[in-house]
Structures are given as structure tokens and as C-alpha cells.
Amino acid sequence: MEPINWLEHLKGDPVPGLHFHGFLWGGQGALLESYKQQINRNPGRPEFMASELPPEAVRHRLLKPHQLAGTFTSAKEATDWMREQWDKQAPRVYHADPDNTREYHEVVLSHGRSTVWSWWHPEPGSMYKVHVTVVPCPYHWQDDAEPMPCPQPPGR
């Protein structure tokens, strides 16, 4: 099967002046789907900051600087890091080309959008899920009054 050329399919122009923050989580995948965990996955309560679970809204990762795994100066650098996480914990069974998936995430990030590469490990149906997130910064979601805070500017 021919790899998809994501630049042809994802419309828009790259956003200049961005840097990128990477976050890594691995754990019981069912916790991400449980309504009982919403208090731990949404800001506004002390449980949110104490929880190791990834937030429901990807942009809220920026509110948890203690979970930051890396800061990157380019979308390529960030997606190379995402691919490294795949290589370290690749599932036994998969249907997508990881290089093409990395290219997809690079285009998404270069357009100023956050992205998540997630999979069950070591195989679909197992209990363990890997969640690799990269959020561009500065990041201003349309419903937020102000941009999300930067957890770590590049070079620090």
C-alpha cells in the first residue's frame, strides 16, 4: 500500500514561531474511558493536578509541567521523539506504517495543532495503553480566555 502524502490531505499553512512540548503516559487504558476518572482528567479540582492520568483535553497537558517529557524546537524533532516512544514500546500487531504515522503528526504539529499517538501494548485488547502527546506552544484554544501557560520555554 502506498503511503499517504499528508501535505496533500491536510490543508493549511505551517505556523511560524512554535515550539513543542511532549508528554508520555502509560497505564491501564480503561482508566481513560471511565467516567469515574473525569474528576482526575479535567482542571479546576485538586485531583486534576495530583493525577498522573492524561487530561481529557489535550491542551490541558500544558497545565501539568511536572509531566513534561521534553521540549522541542521543531515539529520534526517532536515527532522523531514520538517515533522513539513507538520503537521502545511498539505493539506486536499494528496496521499503520509508523513512519507514515510520524509524518502525519509532523504535518499536524506544524499547522499549530496538538496531537496524540496512542496504542495498546503489547497488543490490541491488552490492559496497558501508551499515550504520547505533543502540544504546540504558544497554544490558544478558541474557547480559552487566554493562551495556555508555557511549561518550559526552549533552551531551559
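When a residue number appears, it is its place in the shown sequence, counting from 1. Remember, predicted model here, so these are calculated numbers, not experimental data.
- Listed for the Lys64 side chain is a donor-acceptor partner under 3.5 Å among the backbone atoms of Phe48.
- Going from atom SG of Cys137 over to atom CZ of Phe72 covers 13.0 Å, rounded to the nearest 0.5 Å.
- The environment of Glu146 atom CD is sparse: at most 12 non-hydrogen atoms of other residues, nucleotides or ligands sit within 6.0 angstrom.
- In plain terms, the two heavy atoms of Met82 and Val116 that are nearest each other are CE-C, 4.4 Å.
- When all heavy atoms of Gln67 and Glu52 are compared, the pair lying nearest together is NE2-CA, 3.3 Å.
- Counting heavy atoms of neighbouring residues, nucleotides and ligands inside a 6.0 Å radius, atom CZ of Arg113 does not exceed 12 of them.
- Remark: the backbone N or O of Gln89 is paired with a side-chain donor or acceptor of Trp119 at under 3.5 angstrom.
- Put simply, the side chain of Ser34 never gets that close to the backbone of Leu31: no donor and acceptor are under 3.5 Å apart.
- Listed here is the closest heavy atom pair of Pro136 and Leu109: CD-CD2, 4.2 Å.
- With hydrogens and angles disregarded, no donor-acceptor distance shorter than 3.5 Å links the side chain of Arg61 to the backbone of Thr133.
- Heavy-atom minimum distance, Val108 versus Ser114: CG1-O, 3.8 Å.
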**Message:** Checking Tyr128 against Trp120 for the ring-ring contact (aromatic ring centres under 6.0 Å, His included) test, could you report, in this order, the C-alpha distance in whole Å, the side-chain angles of both residues, the deciding distance, and whether it holds?
**Reply:** CA-CA 6 Å; Tyr128 191 80; Trp120 294 98; 9.1 Å; no

**Request:** Give the C-alpha distance, both sets of side-chain angles, the deciding distance and a yes or no for salt bridge (charged side-chain N to carboxylate O under 4.0 Å, His left out) between Arg102 and Glu106.
**Result:** CA-CA 6 Å; Arg102 191 209 63 76; Glu106 183 176 350; 2.8 Å; yes

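- Surrounding CG of Asp13 are at most 12 heavy atoms belonging to other residues, nucleotides or ligands under 6.0 Å away.
- Residues Gly29 and Lys129 share a closest heavy-atom pair of CA-CB, 3.8 Å.
- Under a 3.5 Å cut-off, the side chain of Gln37 and the backbone N or O of Glu33 do not form any donor-acceptor pair.
- The structure places OG1 of Thr79 at 12.5 Å from OH of Tyr104, a figure rounded to the nearest 0.5 Å.
- Summarising the local packing, CE of Met127 is surrounded by 12 or fewer heavy atoms from other residues, nucleotides or ligands at distances under 6.0 Å.
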**Request:** Could you walk me through whether Val135 and Phe20 pass the side-chain contact (heavy atoms from CB on, under 4.5 Å) test, one step at a time?
**Result:** CA-CA 6 Å; Val135 183; Phe20 306 89; over 6 Å; no

**Request:** Start with the C-alpha gap between His60 and Met148, add the side-chain angles, then the distance that decides, and say whether side-chain contact (heavy atoms from CB on, under 4.5 Å) holds.
**Result:** CA-CA 8 Å; His60 291 152; Met148 300 299 294; 3.7 Å; yes

**Request:** Could you walk me through whether Asn42 and Glu56 pass the side-chain hydrogen bond (donor to acceptor under 3.5 Å, both in side chains) test, one step at a time?
**Result:** CA-CA 6 Å; Asn42 291 290; Glu56 284 188 342; 3.2 Å; yes

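- Looking at Ser110, its side chain never comes within 3.5 Å of a backbone N or O of Pro14 through a donor-acceptor pair.
- In the hydrophobic clustering of this structure, Leu32 does not group with Val132; members are Ile, Leu, Val, Met, Phe, Trp, Tyr whose side-chain heavy atoms approach within less than 4.5 Å, directly or through other members.
- Taking each heavy atom of Leu62 and Pro149 in turn, the nearest pair found is CB-O, 3.6 Å.
- Proximity of a side-chain donor or acceptor of Ser51 to a complementary backbone N or O of Glu47 within less than 3.5 Å is not detected.
- Listed for the Ser118 side chain is a donor-acceptor partner under 3.5 Å among the backbone atoms of Val130.
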**Request:** Just do the side-chain contact (heavy atoms from CB on, under 4.5 Å) check on Thr101 and Arg83 with the steps written out, would you?
**Result:** CA-CA 9 Å; Thr101 301; Arg83 175 60 200 261; over 6 Å; no

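- Between the side chains of His105 and Thr115, at least one donor N or O lies within less than 3.5 Å of an accepting N or O.
- Leu63 and Ile39 are members of different hydrophobic clusters when ILVMFWY side chains are connected at heavy-atom separations under 4.5 Å.
- In this structure, Cys150 and Tyr139 have side chains that are not in contact, with every pair of non-hydrogen atoms separated by 4.5 Å or more.
- Remark: the Glu77 side chain and the Thr73 side chain contain an N/O donor-acceptor pair separated by less than 3.5 Å.
- Between Phe23 and His21 there is a side-chain heavy-atom pair separated by less than 4.5 Å.
- Rounding to the nearest 0.5 angstrom, the gap separating the NE2 atom in His131 from the NE2 atom in His121 is 16.0 Å.
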